[in-house]
Amino acid sequence: MGILTDSQNKRSPSSSSTSPCANLRAAYHNCFSRWYSEKFVKGQWDKEECVSEWQKYKACLSQHLEDKQLSRFLEAEGPVSSTIEVASSRTTKTDDAPTGSSQ
Amino acid sequence: MVKAYTQEYTYKHPWERVTSASWKKFADPENKRTLSHILEVDTLNHKLDPSTGKLYTTRAITVHSPGPWFVRKIVRQDVCHCVESTVVDAKTRSMQLTTNNISLEKFIEVEEKIRYDPHPENPDGWTICRQETSIRIKPLSALASMAEKVEQRCAERFVQNSAKGREVMERICKYLEAESKGLARS
């Protein structure tokens, strides 16, 4: 039941679009968590860590994140964007409401 | 029409431990059973400002079945995406999280703000958590005619879920405490 162990025994795989990134996410998250509690809060905030974990995880997300609004946030980050294939279809979202039964 | 409510809670753990727990809250499979309404949490971007000691993070949170059943029936969607923005200031020891829904935004706007600060009575030992949630049904939406009822039911659900969230936070804090003692002894 370890809090820090990887989620191997994850049940109810409510698979979502980013599920393929679960392992990369766990790797990044474990690294980030450790950096946060062992360095950042103790005053060592001069250097960012877990960079390669983040790059891999982010590359996976940019492939699998289906929600357009969410991927905007992912693309919003500047300096590493050259390594990421930005989805070519940059659809400007019009105000259509597929679920809006009211109007 | 806006329904807003606030909650306050004291963790008898130092700020560093409580905010570490906050990052772990959605990660552990054990917690996934308690927080079953949270389907997926992904970090979308993050930025560290080394000159000020501020850490900015944006995460996507996918929530299952937001609101009561009659709302789900109208909006015909049982998954809701939210965006959570966090600012941690390591110098002043504050953590602020703001979460907004980005789907279903034509029907409803929910904003949740959480702050973790050192407790004024015991700044090195305790942490105070202030939570503020506002729920607003958009006028002219399909839910407008029953706005009050929807807001009430959503609010009840938020209260239930934040109680579960605290339970998980307490559990992680205890674990981290034990872990730090273990490290100290060796």
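Convention: sequence-line order gives letters A, B, ...; per-chain numbering from 1. Hydrogens, waters and symmetry mates are skipped; everything else that's a heavy atom, side chains included, is used.
For a residue to count as touching a neighbouring chain, one of its non-hydrogen atoms must lie under 4.5 Å from one of that chain's; by this rule A:L61 touches chain B with the side chain only. With a threshold of 4.5 angstrom between heavy atoms, A:K42 does not approach chain B through any atom at all.
When each of A:R25, A:K58, A:H29 is checked for a side-chain hydrogen bond (donor to acceptor under 3.5 Å, both in side chains) with B:D42, only A:R25 meets the rule.
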Could you check B:L55 against A:F32 for side chain to side chain contact (heavy atoms under 4.5 Å, CB included), going step by step and ending with a plain yes or no?
CA-CA 12 Å; B:L55 175 68; A:F32 171 84; 3.9 Å; yes
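B:L97 is connected to A:F73 through a chain of hydrophobic side-chain contacts under 4.5 Å among Ile, Leu, Val, Met, Phe, Trp and Tyr, so both are in one cluster. Linking Ile, Leu, Val, Met, Phe, Trp and Tyr whenever their side-chain heavy atoms come within less than 4.5 Å puts B:I108 and B:Y5 in one cluster. Hydrophobic clustering places B:V41 together with B:L35 (ILVMFWY residues linked when any side-chain heavy atoms are closer than 4.5 Å, directly or through intermediates). Cluster annotation: B:V159 is connected to B:I137 through the hydrophobic network of ILVMFWY side chains, with a link wherever side-chain heavy atoms come within less than 4.5 Å. Under the 4.5 Å side-chain heavy-atom criterion for ILVMFWY residues, no single connected hydrophobic cluster contains both B:W126 and B:M95.
Residue A:S37 holds its OG atom at 7.5 Å from CD of B:E179, rounded to the nearest 0.5 Å. The distance from atom CH2 of A:W35 to atom CG of B:L48, rounded to the nearest 0.5 Å, is 4.5 Å.
In terms of heavy-atom pairs under 4.5 angstrom with chain A, the leader among B:T43, B:T52, B:V83 is B:T43.
In this structure, the side chains of A:W45 and B:V88 stay at 4.5 Å or more apart for every pair of heavy atoms. At least one side-chain heavy atom of A:S19 sits under 4.5 Å from a side-chain heavy atom of B:E40.
B:K164 NZ: more than 12 foreign heavy atoms inside a 6.0 Å radius. The number of heavy atoms from other shown groups lying within 6.0 Å of NZ (A:K56) does not exceed 12.
With sequence neighbours left out, the side chain to side chain contact (heavy atoms under 4.5 Å, CB included) criterion links B:N100 to B:T98, B:E111.
Heavy-atom minimum distance, B:G53 versus A:F40: O-CZ, 3.5 Å. Among all heavy-atom pairs drawn from B:L44 and A:L70, the shortest one is CD1-O, 3.7 Å.
Interface residues of residues 8-23 of chain B toward chain A, defined by a heavy-atom distance below 4.5 Å and sorted by number: B:W15, B:E16, B:T19, B:S20, B:W23.
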